[in-house]
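Data block below; observations after.
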Amino acid sequence: MPKQTFKVKGMHCPSCEKLLQMDIGDIPGVKSVKADWKKGAVEVDGDKVDAGAVKKAITGAGYEPQ
Amino acid sequence: MTCESCEKLVTHAVEKAGASVKEISASKGYAVIDYEGDKSAIEAAIENAGYSLDELPPSTPLEHQLSTFIGDFIAGKPATRNIRACFTYSVATFLILCAALYFIFGSPNKYALYMIYSALSAVAVGGAIALARAYKSHFNCMEGMMVGMTVGMSAGFLFGAIVGATNGMFVGSVFGMLVGMALGYYVGKACGVMGAMEGLMAGVMGGTMGAMLTVMMQFDHLGEFMLLFVLSNLLVLAGLKYMIYYYAGKRGEVKFMPPLNFFALALLLTALTVAVMLFAPHSASTILY
């Protein structure tokens, strides 16, 4: 199962992690999401996950994908 | 809720449960939700997002919350298990440290009272550190910063003031500052760089001010002041422990520090302070010189 890691700017607390996990988790094909605010990264696990949709979800939640 | 992310998270959770948020404020701790039908799904969604729906409304006076807590604490309710362990370990460790100090140094000496203050400060600060480390994964950013700041400043104040009274302004300031910064950083880093910075800055401030106060008060009721000062800091640290219990304690079970580790932490702080008190340079301007 392919994993994709996205660098995210702007996370500053566990609430930011949960917010991104909730939003990215709704994208079709996503099996699991793990955000880490300390590392500024989100790991997305799933089949045929559209990277563009993930970045759009990150932007939509108020953060900056890098 | 403590920040904008919390507001967004709660809003998302509520919307996914089929309702809408009309108004939300992290700073005031409330949300106005528009819903139809059963509200239990909304409550579950908010709780699943990591927030607690307070049994007590935000307008409940703090005095009421405290009296509820004291009742639960005395009754030994499971929710207070960690804070009761903290209290029990603190009292037991303080008594053991006092006995050890008496055994090592014998009859009261000119530093005896300050050695007791050291032990008291060590168990109070140690208790706050133990609770903060236990709940570190449950803190949000604001709480982590508060914990780092309070531990750093209280530790700096207490140890700076004690060593300032026995050794003078220079040694007191340096010691208080280093202890405050180290402990503030250690506790504050749980919420990242902001908490670490709060801890470091509070340590600098507390350490230098603690020593300054006791040196300046040497000829103006220092004894009475020290008692009030130590008790005031203990009250602040007790408040911090309650804050950790009240907020982070509701977000999940954690394992409290084992008693031997707690004792070792308090012993280290006390031994370090007593060693500095006895062996570091003493300023001729202190009344204990």
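The chains referred to below are lettered A, B, ... by the order of the sequence lines, with proteins before strands, and numbering in each begins at 1. Not measured: the values here are computed from a predicted model.
Ring geometry for Phe256(B) versus Tyr89(B): interplanar angle of 30 to 60°, hence tilted.
Checking Leu260(B), Ile129(B), Val125(B) one by one against Leu265(B), the side chain to side chain contact (heavy atoms under 4.5 Å, CB included) holds for a single residue, Ile129(B).
Only the side chain of Lys38(A) comes within contact range of chain B, with at least one heavy atom under 4.5 Å from a heavy atom of that chain. With a threshold of 4.5 angstrom between heavy atoms, Tyr51(B) approaches chain A through side-chain atoms but not through N, CA, C or O.
Note on Glu4(B), Lys8(B), Met1(B): by heavy-atom pairs under 4.5 Å with chain A, the leading option is Lys8(B).
Once rounded to the nearest 0.5 Å, the distance linking SG of Cys6(B) with CE of Met142(B) reads 9.5 Å.
By the neighbour-count criterion of 12 heavy atoms within 6.0 Å, atom CZ of Phe69(B) is densely surrounded, having more than that number from other residues, nucleotides or ligands.
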